[in-house]
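Scroll down for the structure; my scribbles are underneath it.
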Number of protein chains: 4
Amino acid sequence: MMEGRKKEKRMAILKAAASVFSREGYEKSRMDDIASTAGVGKGTIYQYFNGKEQLFQEMIKEGFDAFTEKLEQEIQVSGNDVKVFKKIIDFSFQFMEMNKDIAKLIIRIPVTMDYQTVEWVHIKKHQIIKLLADLVRQYGSSEVDPLVAAHGFLGMIVSLVAENVFLQKKYELDAISEKMFYIYANGILP
Amino acid sequence: MMEGRKKEKRMAILKAAASVFSREGYEKSRMDDIASTAGVGKGTIYQYFNGKEQLFQEMIKEGFDAFTEKLEQEIQVSGNDVKVFKKIIDFSFQFMEMNKDIAKLIIRIPVTMDYQTVEWVHIKKHQIIKLLADLVRQYGSSEVDPLVAAHGFLGMIVSLVAENVFLQKKYELDAISEKMFYIYANGILP
Amino acid sequence: MMEGRKKEKRMAILKAAASVFSREGYEKSRMDDIASTAGVGKGTIYQYFNGKEQLFQEMIKEGFDAFTEKLEQEIQVSGNDVKVFKKIIDFSFQFMEMNKDIAKLIIRIPVTMDYQTVEWVHIKKHQIIKLLADLVRQYGSSEVDPLVAAHGFLGMIVSLVAENVFLQKKYELDAISEKMFYIYANGILP
Amino acid sequence: MMEGRKKEKRMAILKAAASVFSREGYEKSRMDDIASTAGVGKGTIYQYFNGKEQLFQEMIKEGFDAFTEKLEQEIQVSGNDVKVFKKIIDFSFQFMEMNKDIAKLIIRIPVTMDYQTVEWVHIKKHQIIKLLADLVRQYGSSEVDPLVAAHGFLGMIVSLVAENVFLQKKYELDAISEKMFYIYANGILP
DNA sequence: AATGAATGAGCGTTCATTCAT
DNA sequence: GATGAATGAACGCTCATTCAT
């Protein structure tokens with residue numbers, strides 16, 4: 001019971017934090033603003049988090065973990081097929097579409113964020129890259145360098161997600177996804 | 001003469017700004033720090049720029065313009081050959097390697113920057129994408145969507161440049177460039 | 001019974017308050033800390049006291065009253081002899097040694113304490129001074145001003161008690177007491 | 001010139017600090033208040049002092065140093081006579097009368113003040129006590145313990161100064177001084 | 001033109017107090 | 001009665017900007 005209430009309030013604060021941080025950026029975000037967005041008093045935030053910085057970190061970590069976890073599930077349920085890359089693109093587009101706040105913040109972790117968090121994100125990102133590199137090894141030509149290919153794949157996705165997330169221009173994500181997969185699979189040469 | 005002196009001082013401030021902003025991030029950078037790095041008094045900056053925000057904008061704009069300008073030259077001097085993409089990758093790597101300060105800031109324009117600057121950067125980026133899309137139309141298969149391909153290309157470059165710029169891990173850029181070009185040209189499939 | 005329980009809890013809070021206030025000073029003491037030291041919930045304190053300030057006042061008052069009461073007893077049981085001053089010194093040293101928390105706070109009532117409490121302490125102090133002045137009148141030379149002599153006596157005691165209470169340097173209180181009494185009785189001149 | 005201006009402003013801040021700290025106590029004093037009392041902006045204080053704590057320390061130190069310095073002069077110019085104790089009492093009364101702000105603070109250094117400052121004050125106080133003990137050795141009976149006598153002397157002075165400083169009751173300091181000297185010299189016994 | 005001392009708006013955080021359970 | 005989660009007023013300090021020199 002009690003536990004449920006506390007979990008709920010914690011989630012409300014995290015959600016408000018994601019919204020405000022993503023709209024204002026870390027430095028310009030005010031704890032006041034996050035508190036009133038979450039519908040709690042300013043002091044309440046400090047019952048759940050040590051301070052602004054830890055609040056930011058927790059939010060990023062939970063968001064990124066949710067993405068990674070679901071991405072891994074997605075990969076596992078996909079059959080043994082190169083189409084897994086298409087699935088990944090689709091999933092990424094959908095996840096980021098549904099979690100724009102977190103997406104914005106993950107794509108551009110403030111350069112000034114403490115070294116620990118930056119490093120944490122870096123490690124997480126490389127876990128994803130390793131995952132992708134393994135898939136490239138499995139389905140790709142032996143001519144391609146798996147790590148470079150994985151990096152490139154992630155870069156492509158991020159570039160298009162960013163376009164969608166930051167600029168509020170709606171693309172037909174399905175069509176884009178298909179086209180991007182084609183390019184990644186076959187290259188641009190005739 | 002006088003003009004020359006002023007230009008010099010302006011450049012000194014811009015250079016100092018790039019260094020400090022890139023090291024500290026926009027919000028944590030202090031005008032004091034930029035002034036002493038530039039070797040001028042704090043008040044002097046306000047003789048050349050309206051304030052912190054405009055200083056940041058001018059710096060970004062000049063940096064990005066320099067990149068775009070030289071990129072266009074590079075494209076024009078490159079022969080009529082698909083190898084132009086390889087040249088672009090090489091050029092990007094080199095430019096970013098030599099202008100890491102600007103590179104960092106361009107890659108992660110603070111989310112908080114005013115809408116005008118974000119929009120300005122967006123327009124500039126799309127000029128580059130159009131340029132790239134034209135090249136795709138010229139040398140690529142008719143099966144690929146030129147805009148998506150251009151986006152993907154830029155994403156790949158940025159992803160690898162970011163790795164190099166932020167993490168101080170030195171890659172052998174030449175080798176990476178070659179591998180990336182192969183993937184972009186032929187895709188990952190066997 | 002109920003009454004007994006309440007009294008006990010009240011005493012526990014007062015004791016905890018004396019300990020914390022004396023260790024941290026009035027302003028730096030936190031009600032949280034006092035509550036947990038007393039082994040009660042934070043809200044419980046407010047069932048027994050109006051707030052932080054009143055808690056402090058009650059504690060001081062009870063401590064001071066205990067001192068004055070016992071001091072008066074001590075004086076009454078002492079025979080009709082100038083040695084009563086020696087007894088007073090001994091008693092003060094012993095009392096303060098056993099109630100260091102209260103001693104610290106009485107010696108240095110925070111300047112910020114509300115005027116009422118300061119005035120209350122002042123009145124109590126002057127009751128003691130009157131008591132002492134009467135003794136001076138009784139046993140001292142007619143040349144000395146009883147009030148000034150009483151003030152001086154108290155000052156001497158406080159000065160030495162403070163040294164002992166604040167600095168944790170253990171003096172041989174008996175020896176000191178003897179020496180101080182000699183000086184007060186005979187003066188420093190040969 | 002410039003130096004003069006800066007020194008003046010520094011002094012103005014120190015004076016305002018003494019006034020506010022002595023009226024409100026350390027913790028309740030607000031930097032805002034000190035600034036406006038000094039007639040400067042809040043930020044200006046931070047150009048001259050590192051923060052609230054250092055401001056308090058500097059003020060105490062300069063005040064105490066001024067007292068000690070002048071006290072030593074007073075002792076030296078006093079002839080070789082037991083009357084030096086009378087001079088010390090007079091001087092102390094006068095100094096504290098003219099520097100009530102500092103006097104209040106010296107008498108009751110907040111218990112919570114950082115250990116360094118408390119220790120610094122303690123050392124200074126013991127320098128004075130040594131000075132007094134030497135005088136007792138010089139002019140007093142061989143029967144008295146010089147250190148205890150010095151402590152007692154200081155205690156007497158402080159007790160009466162405190163009465164005067166805190167309670168704004170004006171005594172005829174000259175008369176008190178004479179009476180106190182008599183007691184200290186001859187004791188209270190007939 | 002160049003400077004840097006002065007300024008004060010702005011914000012993260014603490015903690016005494018309240019009140020629903 | 002007893003509790004402790006929630007609250008928000010309060011304050012020290014920072015730093016972009018101004019302006020007298």
Side-chain angles (χ1 to χ4, degrees), chain A residues 1-2 5-6 9-10 13 27-36 38-55, chain B residues 2 5-6 9 13 26-36 38-56, chain C residues 2 5-6 9 13 26-36 38-56, chain D residues 1-2 5-6 9-10 13 27-36 38-55:
Chain A
M1 270 316 107
M2 219 45 167
R5 289 280 177 98
K6 291 192 75 169
K9 199 157 274 191
R10 189 172 182 281
I13 293 170
E27 299 287 350
K28 282 203 178 147
S29 294
R30 292 182 296 108
M31 295 299 270
D32 258 350
D33 201 355
I34 294 171
S36 64
V40 302
K42 194 174 9 169
T44 307
I45 297 180
Y46 290 84
Q47 299 230 342
Y48 293 86
F49 303 93
N50 286 336
K52 194 182 181 185
E53 196 156 316
Q54 201 220 354
L55 172 58
Chain B
M2 218 48 167
R5 291 278 177 98
K6 292 189 66 172
K9 199 161 273 193
I13 294 171
Y26 178 77
E27 297 288 349
K28 281 199 179 157
S29 295
R30 297 186 295 107
M31 295 298 268
D32 257 355
D33 201 356
I34 294 171
S36 64
V40 302
K42 197 174 8 169
T44 308
I45 297 180
Y46 290 84
Q47 304 248 345
Y48 293 86
F49 302 94
N50 286 335
K52 193 184 182 184
E53 198 154 318
Q54 200 221 352
L55 172 58
F56 183 84
Chain C
M2 218 47 167
R5 290 280 177 98
K6 289 189 72 172
K9 201 161 273 195
I13 293 171
Y26 178 76
E27 297 290 348
K28 281 199 179 156
S29 295
R30 296 185 294 106
M31 295 298 268
D32 257 354
D33 201 356
I34 294 171
S36 64
V40 302
K42 196 172 11 167
T44 308
I45 297 180
Y46 289 84
Q47 306 249 344
Y48 293 86
F49 303 93
N50 286 336
K52 193 183 181 185
E53 198 154 315
Q54 201 221 352
L55 172 58
F56 184 84
Chain D
M1 271 315 107
M2 218 49 166
R5 289 278 177 96
K6 290 192 76 170
K9 197 155 277 191
R10 189 172 181 283
I13 294 170
E27 300 287 351
K28 281 202 180 147
S29 295
R30 293 182 294 107
M31 294 300 269
D32 257 351
D33 202 354
I34 294 171
S36 63
V40 301
K42 192 179 3 172
T44 307
I45 297 180
Y46 291 86
Q47 299 231 338
Y48 293 85
F49 303 93
N50 286 338
K52 193 182 182 186
E53 196 156 317
Q54 200 220 354
L55 173 58

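So you know, we letter chains A, B, ... as the sequences are listed, proteins then strands, and number each from 1. As the structure is a prediction and not an experimental result, all values here were calculated from the model.
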- Message: Checking the side chain of B/K28 only, and the main-chain atoms of A/E27 only, is there a donor and an acceptor separated by less than 3.5 Å?
- Response: no

- Message: Taking the nucleotide of DNA chain F with the nearest heavy atom to each, does A/I45 or C/Y48 sit closer to the 5' end?
- Response: C/Y48

- Message: Using 0.5 Å steps for rounding, measure from the CE atom of B/M31 to the CG atom of B/D33.
- Response: 11.0 Å

- Task: Would you please enumerate the stems DNA chain E participates in, each stem being three or more consecutive Watson-Crick or G-U wobble pairs with both distances under 3.5 Å?
- Result: E:2-21 with F:2-21

- Query: Which whole-number value in Å describes the distance from A/F49 CZ to F/dA5 C1'?
  - Reply: 15 Å

- Task: Mark yes or no for whether C/K9, through its side chain, and C/A38, through its backbone, hold a donor-acceptor pair below 3.5 Å.
- Result: no

- Task: Might you point out which heavy atoms bring D/A35 and D/K42 nearest each other, and give the distance in Å?
- Result: CB-CA, 3.7 Å

- Task: Report the distance from atom CD1 of A/I34 to atom C1' of F/dG8, rounded to the nearest whole Å.
- Result: 17 Å

- Query: Donor-acceptor pair under 3.5 Å: do we get one between B/Q47's side chain and the base of E/dA2?
  - Reply: yes

- Task: Identify the heavy atoms of A/I34 and A/I13 that sit nearest to each other, and give their distance.
- Result: CG2-O, 4.3 Å

- Distance, nearest 0.5 Å, that separates CZ of D/R10 from OG1 of D/T44: 14.5 Å

Which protein N or O atoms sit under 3.5 Å from an N or O of nucleotides 16-20 of chain E?
unit_1 : atom_1 : unit_2 : atom_2 : d
E/dA16 : OP1    : C/S29  : O      : 3.0
E/dA16 : OP1    : C/K52  : NZ     : 3.3
E/dA16 : OP2    : C/M31  : N      : 2.8
E/dT17 : OP2    : C/Y46  : OH     : 3.0
E/dT17 : OP2    : C/K52  : N      : 2.9
E/dT17 : O4     : C/K42  : NZ     : 3.1

- Shortest non-hydrogen contact between B/Y26 and B/K52, atoms and distance: O-NZ, 2.9 Å

